[in-house]
Each structure stands twice: as C-alpha cells, then as structure tokens.
Amino acid sequence: VAGSLGAPFLDVFELRLVVDSREKRQTGRREAEAIVGKLCLGEAPVASAVRKEAVAVGDYLWLAVPKARAGDARAWRDAGVVVGPVVERKCVSDFRTTVKGGTHHAKQTLAMKRCGLPGIYVVEGCLESVEATADRARLHGEMARLELEDGFVVHRTDSFDGTARYLQTLDAVLTADLGKRSARDVLDGPDVAAYADVCSGVDVDEKSWPLASKFGAFLLHVPSVKPEYVAPLLEAYATPAALKAALDAHALEEPLLSKVLAPGKTRRADAARVAKFFTDPEYARPPNPMASPV
C-alpha cells in the first residue's frame, strides 16, 4: 500500500471484525457462528466484515487487510493490521473459574499486555449469581486490578445479546473514526500493530526461559509474594537453591527477606510467610474423613 498512504484508510483497507473460532457461549458449546450471527443482526449491525479465525490473543480483533489482497485467505495473517482494541470476553462462570485457577488467567492477561494494544475485558452475566460471597469479592477485586494495575477497560454486560450490542457500538465508533483519516495517519498511530508482530509479541516459549525467568514466574504464585516483590527477590537470589540456602543459614530474629521484598522498607509479616513457605518441613494436612480412628 506504499503508493496509497495518502488515500482514505477505508479506501485502501478492508476492515474486518475477527471472532476467535474457539469462542464459546455460557452453555460451554463452541458457538462462534452464533456470535457472528448476533453481530450481523439487530438495530445496528456491524459495518465491518465479520470473520471467524483462531486468533493469537483475545476473542475479538479489528483487523485491516489491504484491499489488493482481500481475496487471499492468508492475507490477514501476514499483511493484516490490528487497528482497534483487543477484546477478551468472559461469561461470569468462566471468569470465576479462570480467576480461581490463576495460571491460565495470568497467561491470558500477560498476552494482552505483551501485544501492546489497548485491551478490553467484557464480563458477561450477573456477578450476584455467584453464591459464595468470597468468590464474588474476589471477582470484584480482580476486575479492579485489571483496570488499575493492568490498564485494561473492564465492561460488564448483562447477557450474550448485551455483549453483541457493545461490540456493535465499538465497531460503529471505530469505523467512523477510520473513515475520517488517511491510511498514513492510521498506520502511524500509537494503537496500531501488524498482526504478525502481535503474534510474535505474545508467543511465550516457557521451555526456553533461563532458570531465573522460570523462578520469577513461579514466585508470582507463592503466597504473600506480590508482583512488585519479584524483581528484588530475583536480584538477591536468582535461583530457588540460592534462596533456600540463604533462608536455612539465617538465624536472626528479623526475617531475612523483610527489606529484600521492598528495598528501603520493612515487610516483616510478608517476609516471614514467604520464608515459611520455603522452609517449613511439612504443611498441616486436612484430616482424611476415610481414615480409621486410632
């Protein structure tokens, strides 16, 4: 498109709303087709061409493909440009499961952060339907964390139809904005990335990580280790063996990690709990109801 950069963006590119082909509804069935149908119906159907593909990040992406290659089945992969936000959709039951599980949710949010594009989390359904008060509080807390710490927009919808209407609104706003700008103006913007670069950015091969990186990922799941503690811990103790040896050799009353966790500050309670995690010979085990009484 080098010779057409001064032309209106939508004259040079075909805008597509790509739906992850693995997307599913709350019933658990894979129903990307149903979502595509909803987006193309209603009072304000999307103007973008809707496609189903297995995308690298998120559930919905706005991809622009050069019109000269619009008929090429692979064009969206190697010539596509992401021009809108990355949208991740979670129905309440799925959101609850992933947040409680931890690891999968952390990988999804990491991928959205690594792609370098604006991120939106759509939480679909009624949180009040979650019976356990503690689980509801955890979900509210995670939504706040996604906004305040990760910088995502969190939008709640009441139903599947509500999510479709929200996506239709986003599509209308994005299409109107792109229609006013030239191809050069859009491509030089801060929130635009080649899809191939997005794939490269979120492709994390954990097997190739050095030990310190694997240890850092592990520390994120240790009780009482906050994300801001990981860097100073790794700087002082780059491997699990180094940390364990230091804790075993430390006999002072002041917990070893009290000033390591946050340099210049004392984190005595957290330091004691982290040390206990690595040095306690045996954690208390819940009683086995099937065991014979002594």
Side-chain angles (χ1 to χ4, degrees), residues 1-21 23 36 39-40 44-89 107-122 146-155 163-205:
V1 298
S4 306
L5 292 177
F9 181 81
L10 294 180
D11 287 352
V12 182
F13 287 88
E14 176 186 277
L15 187 61
R16 301 177 181 179
L17 173 51
V18 180
V19 178
D20 186 7
S21 57
E23 174 70 321
V36 169
L39 293 173
C40 297
V46 296
S48 304
V50 183
R51 299 286 188 271
K52 293 183 301 172
E53 302 288 352
V55 296
V57 60
D59 293 318
Y60 307 92
L61 292 177
W62 277 269
L63 272 167
V65 178
K67 287 188 174 181
R69 294 192 58 189
D72 184 346
R74 289 195 55 84
W76 71 278
R77 293 180 180 274
D78 52 32
V81 180
V82 184
V83 294
V86 176
V87 180
E88 178 73 25
R89 168 183 167 266
K107 287 184 177 181
Q108 282 187 322
T109 54
L110 175 61
M112 289 184 67
K113 287 192 290 186
R114 285 174 62 94
C115 77
L117 295 165
I120 298 176
Y121 259 85
V122 175
L146 287 169
E147 288 199 315
L148 298 176
E149 294 185 15
D150 291 338
F152 300 136
V153 171
V154 177
H155 182 80
T163 299
R165 289 193 297 270
Y166 177 63
L167 290 168
Q168 289 170 334
T169 300
L170 288 177
D171 183 79
V173 172
L174 182 62
T175 302
D177 177 62
L178 294 174
K180 302 173 184 176
R181 301 161 65 190
S182 69
R184 178 181 287 106
D185 183 34
V186 173
L187 295 178
D188 288 343
D191 297 330
V192 175
Y195 181 71
D197 291 339
V198 170
C199 293
S200 177
V202 302
D203 185 17
V204 180
D205 181 10

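Below, all heavy atoms of this structure are taken into account, side chains as well, without hydrogens, waters or symmetry copies. Please read all numbers here as calculations on a predicted model, not as lab measurements.
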Exercise. Atom CZ in F9, atom CG in L15: separation rounded to 0.5 Å?
Worked result: 7.0 Å
Exercise. Is any side-chain heavy atom of V86 less than 4.5 Å from a side-chain heavy atom of L61?
Worked result: yes
For this session: May I ask you to decide if A47's main-chain N or O and D171's side chain share a donor-acceptor pair within less than 3.5 Å?
Result: yes
Problem set entry | L170 and its side-chain contact (heavy atoms from CB on, under 4.5 Å) partner, picked from V122, V46, I120, L17 | I120
For this session: Would you check, one step at a time, whether the test salt bridge (Lys or Arg N to Asp or Glu O under 4.0 Å) holds for D185 with K180?
Result: CA-CA 10 Å; D185 183 34; K180 302 173 184 176; over 6 Å; no
For this session: Of all the heavy-atom pairs spanning R89 and T163, show the shortest one and how long it is.
Result: CD-CG2, 3.8 Å
Exercise. Backbone N or O of L39 within a donor-acceptor pair of the Q168 side chain at under 3.5 Å?
Worked result: yes
Problem set entry | Rounded distance [0.5 Å steps], CG in L146 versus NZ in K113 | 9.0 Å
Seminar exercise, completed: Looking only at heavy atoms, the pair that brings R77 and A54 closest together is NH2-O, 4.5 Å
For this session: Any pair with a residue in residues 62-81 that passes ring-ring contact (aromatic ring centres under 6.0 Å, His included), sequence neighbours left out, goes on the list, sorted by first then second residue, please.
Result: W76-Y195
Seminar exercise, completed: Exactly one of F152, Y121, Y60 clears side-chain contact (heavy atoms from CB on, under 4.5 Å) with E88, and that residue is Y121
Problem set entry | D188: salt bridge (charged side-chain N to carboxylate O under 4.0 Å, His left out) partners, not counting sequence neighbours | none
Problem set entry | Atom pair CD/CZ of E53 and R16 - distance to nearest 0.5 Å | 8.0 Å
Exercise. Can you tell if the side chain of V57 reaches within under 4.5 Å of the side chain of L117, non-hydrogen atoms only?
Worked result: no
Exercise. If you look at every heavy atom in D191 and P118, which pair is closest and at what distance?
Worked result: CG-CG, 3.6 Å
For this session: Starting at OG of S182, measure out to CG of L10 and round the result to the nearest 0.5 Å.
Result: 11.0 Å
Problem set entry | Inter-residue atom distance R51.CZ - L63.CG, 0.5 Å rounding | 11.5 Å
For this session: Looking only at non-hydrogen atoms, find the nearest pair between V87 and L167 and report the distance.
Result: CG1-CD2, 4.2 Å
Exercise. For V36 and K52, which heavy atoms make the closest approach, and how far apart are they?
Worked result: CG2-CG, 3.7 Å
Seminar exercise, completed: D72 and R69 have their tightest heavy-atom pair at OD2-NH2, 2.5 Å
